[in-house]
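Structure record follows, encoded as structure tokens.
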Amino acid sequence: MEPAVAEIDAALELLRSSVHERGEPVGLVVAPSGSVAMATGSVRVVVAPAHVANVLAEADREWRPRWVLWSNATAASLVATGTRLATSWDVAAVHRLLRGGWRAEPARVWAQLHGLDHHRMPKMGQLDLLGGDGDGGGDDEVPVRPDGYLRPEWLAGAWADSPERMGAWAALVLDVAELQRRLLDALAAESATVAGNALATARSESTAELLCAELAADGLPIDLPAAEALIASLVGPRAATEAEAAADRARRDAEVLQHLPPGSGIDLRNPADVKSMLRRLGIDVPDTRAWRLEQMRTVHPAIDALLHWRKAERIATTFGYGWLDTHVGADGRLRGEWSGSDGAAGRMTAGAGLHNLPSELRPVVIAEPGHVFVRADLGQIEPRVLAAVSGDPALIAATQDDDLYAPVAARLGVERSVAKIAVLAAMYGQTSGTAGQALRGMETGYPVAMKYLSDAAQAGVEGRDLRTYGGRLIRMYPVPDDADFRAVSAGRGRYARNAMVQGAAAELFKVWAVTVRARGAAIDARIVLCLHDELLLHVPVDNADAAVQLLHDCLAEAAFRWQPRRSVPVRFVADVSVVRSWADAKP
DNA sequence: TGCGGCTATTG
DNA sequence: CACAATAGCCGCAG
């Protein structure tokens, strides 16, 4: 039974006052039907699908609450019906921040917050053979069972069966967020240097999930005819039938095979075959990767042909017509799945080739009529982040330069190129080659930063968990007994060393991204791509200059918010350009 | 059918 | 290939 409109208005007014007067966050859930439930500590309201867009738009604009969501699936369903929220507390994102890993469904989050074994969570339809109630007992209308676990029926969707249940589900997510907030407070109390800003990270990571939902829905503008033409130029016209596709494949293969004795039966797609082919040509290589074969292009014509074949084959299989058909809509938008934080260090990831699009294909990423791209990438983000998180005074001083490697080279007394290798080697844990000599200079020149990195590596080797500057848990595990101990633990050391830098960089990047998202709305600047240290905005032509300024201003704001207690702040720089095609931005 | 290895691409 | 990621194809185990 639906409440009368007057009742809803009265309830919304109560909700508004709890947000306005007490600054309360609002739990928000969306049922499959499109109905929405909202809850504060004292008020619950359910809104029918027809009114959701209007009610949420006004509430978001007028009340500005922090919306509490179970996950970005909620944001995705809202975006699908035209609602974009300003800020959120994403329980799944915060769970990943607090505990590492990827899985963060409500049942698991709830169990772990309450100290319950998540391996023993009740499942749907499970009979309790020890004689208890099969459904866990207690009141079905309450989401929590007497044993403390959430009801599997509710988790499977029964929460949406009635307005009362929806209200309870929205109230529950609010309780979960409060428990998470307390854990973050405790974290800050126990380790002010490492996780003092974990609460801020929780907020920016949450809002980044809203951004991900929008990125997935909006997509990246592609000139579809240009893309078809480009692919055709690389692998030929689109095959009409399966047989035609096979013939095209055979024709490409023949370009390589013609350089070999006939009937040698080489499968170019089988690396072992290719390797034995090379051996018959008198070439012995440990593997057949392109960088290794590159130097041997002139040794035998088959090698050059093979490398060309590999290039075309990649377009044909991964970035060919099938890719266009699957991921580019009729509206010319390339859409992929977005994740706000991957399992390791917390970078954003994307599917559909959005993060590994070959540079050859970038020319077809073209702004829509009346629009331009404003592209910005952060300069030398990782060493600057290392300066910030380690607090190394000399490295912080180096960040004041537009080119951080220039003062580093001066301090080490080496060429700039050597300084760059040394800094990167320190962050990645490289010890071999030319890096070794330069690294010794780093030890004396930047001891604080180097100790930060070696402490991280040591923790990794010993299997001790770490937290990034923003509070993300980097889970480390003991090296298994049967493993090659030295090799595996060295790998763990490199992984840990890098995760602390890459993870912190990802956190700063997301603060920047959500700041741009928020401030950019006023000039219709939409983020259409996030690429680890790069933002691509799609902007009306007339607002391009404003967007350039916006990107710089938001970086300054993000850097300030991200490193709140530094008396000498690290300087971050962005290279910004206005372009019609993404390819035009390439330096 | 799922998984590890190899390969290619990106930051 | 020093760190991270997605993705496709191959051979092999089950």
Side-chain angles (χ1 to χ4, degrees), chain A residues 102 249 253 266-275 285-295 306-320 322-323 326-327 336-362 365 375-383 385-386 420-436 438-439 453 456-457 460 468 474 487 490-506 509 529-536 575 582-583 585-587:
Chain A
W102 196 83
R249 212 159 36 235
D253 293 2
I266 295 296
D267 179 359
L268 297 173
R269 291 164 189 80
N270 182 346
D273 255 26
V274 172
K275 206 168 135 184
V285 282
D287 59 66
T288 73
R289 288 174 160 88
W291 66 270
R292 214 184 279 284
L293 298 183
E294 194 63 45
Q295 298 110 1
L306 174 69
L307 290 172
H308 280 111
W309 176 89
R310 286 246 179 96
K311 208 86 173 161
E313 185 70 3
R314 175 138 169 94
I315 298 294
T317 55
T318 306
F319 293 105
W323 170 71
T326 309
H327 298 115
E337 301 287 312
W338 282 83
S339 153
S341 66
D342 65 34
R347 295 220 286 202
M348 293 174 80
T349 58
L354 284 159
H355 275 182
N356 57 353
L357 196 73
S359 55
E360 295 168 270
L361 290 180
R362 289 189 179 193
V365 181
R375 170 197 178 272
D377 74 293
L378 300 177
Q380 303 161 342
I381 174 70
E382 291 193 340
V385 160
L386 173 61
K420 182 175 176 177
I421 288 169
V423 171
L424 294 177
M427 289 189 299
Y428 294 154
Q430 185 184 7
T431 51
S432 62
T434 50
L439 272 174
L453 292 168
T468 63
I474 307 292
R492 298 285 170 84
R494 289 194 301 269
Y495 170 82
R497 181 186 284 264
N498 182 249
M500 294 295 277
V501 178
Q502 189 186 98
F509 177 80
L529 190 70
C530 295
L531 195 42
H532 309 315
D533 65 349
E534 178 176 349
L535 281 175
L536 197 65
D575 178 53
W582 191 21
K586 237 8 199 178

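Residue numbers begin at 1 in each chain, while the letters A, B, ... track the order of the sequences.
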Would you tell me if any nitrogen or oxygen in the side chain of Thr288(A) comes within less than 4.0 Å of OP1 or OP2 on dT7(B)?
yes
Contact class for Ala272(A) vs. all strands (heavy atom < 4.0 Å): base, sugar-phosphate, or nothing?
nothing
Once you apply a heavy-atom cut-off of 4.0 Å, does Ala345(A) come out as touching a base, just sugar-phosphate, or nothing?
nothing
Could you check whether the rings of Trp323(A) and His327(A) sit parallel, tilted or perpendicular, using 30° and 60° as the cut-offs?
tilted
Report which part of the nucleic acid Leu357(A) touches: base, sugar-phosphate, or nothing (heavy-atom distance under 4.0 Å, all strands).
sugar-phosphate
Choosing from dG11(B), dA5(C), dC10(C), which nucleotide comes nearest the side chain of Arg269(A)?
dC10(C)
Quick one: Leu361(A) CG to dA7(C) P, roughly how many Å, whole number?
15 Å
Gly429(A) near the nucleic acid: base, sugar-phosphate alone, or nothing, with a heavy-atom cut-off under 4.0 Å?
nothing
Beyond-backbone contact of Leu531(A) with Leu536(A), side-chain heavy atoms, under 4.5 angstrom
no
Under a 4.5 Å cut-off applied to non-hydrogen side-chain atoms, are Glu360(A) and Arg314(A) in contact?
no
How long is the gap from NZ on Lys420(A) to CD on Gln380(A), to the nearest 0.5 Å?
7.5 Å
Atom-to-atom span, CG of Asp267(A) to P of dC12(C) - whole angstrom:
12 Å
With sugar-phosphate meaning primed atoms plus P, OP1 and OP2, does Asp377(A) contact a base, only sugar-phosphate, or nothing at under 4.0 Å between heavy atoms?
nothing
Have a look at Ala499(A) and say if it touches a base, only the backbone sugar-phosphate, or nothing, with a 4.0 Å heavy-atom cut-off.
nothing
Could you state the atom-to-atom distance from CZ of Phe509(A) to P of dA4(C) in whole Å?
19 Å
With a non-hydrogen cut-off below 4.0 angstrom, is Arg314(A) in contact with a base, only sugar-phosphate, or nothing?
base
So, does the side chain of Asn356(A) form a donor-acceptor pair with the base of dT10(B) at under 3.5 Å?
no
Looking at dT10(B), I'd like to know if its phosphate oxygens (OP1 or OP2) sit under 4.0 Å from a side-chain N or O belonging to Ser359(A).
yes
P spacing across the pair dC1(C) / dA5(C), given as an integer number of angstrom
16 Å
Which part of the nucleic acid, if any, lies within reach of Phe319(A) when heavy atoms closer than 4.0 Å are counted: base, sugar-phosphate only, or nothing?
nothing
Taking only side-chain nitrogens and oxygens of Arg289(A), does any of them come within less than 4.0 Å of OP1 or OP2 of dT7(B)?
yes
Looking at Lys311(A), I'd like to know whether one of its side-chain N or O atoms comes within less than 4.0 Å of OP1 or OP2 on dT9(B).
yes
Would one find more than 12 heavy atoms of other residues, nucleotides or ligands at under 6.0 Å from atom CD of Glu337(A)?
no
For a quick check under 3.5 Å, do Thr288(A) and Arg310(A) share a side-chain donor-acceptor pair by atom type?
yes
Heavy atoms only: give me the nearest Val385(A)-Ala504(A) pair and the separation to one decimal.
CG1-CB, 3.5 Å
Whole angstrom is fine here: how far is it from CZ in Arg292(A) over to C1' in dT7(B)?
13 Å
How close or far is atom P of dC6(B) from atom CG of Leu268(A), stated in whole angstroms?
18 Å
Using whole Å, what does the distance between atom P of nucleotide dC1(C) and atom CD of Gln295(A) come to?
14 Å
So which one's nearest nucleotide on DNA chain C is more toward 5', Ile421(A) or Gly353(A)?
Ile421(A)
Round to a whole Å and report the spacing from CG of Asp287(A) to P of dC10(C).
19 Å
Under 4.0 Å between a side-chain N/O of Asn270(A) and OP1 or OP2 of dC9(C), yes or no?
no
For Arg362(A) and dT9(B), give me the distance from atom CZ to atom P, rounded to whole Å.
13 Å
Once you apply a heavy-atom cut-off of 4.0 Å, does Arg310(A) come out as touching a base, just sugar-phosphate, or nothing?
sugar-phosphate
Per Gln430(A) side chain, nearest of listed nucleotides dA2(C), dC3(C), dC6(B)
dA2(C)
Among dC3(C), dG8(C), dT6(C), the one nearest Thr349(A) by side-chain distance:
dT6(C)
For dC3(C), does OP1 or OP2 lie under 4.0 Å from any side-chain N or O of Arg494(A)?
yes
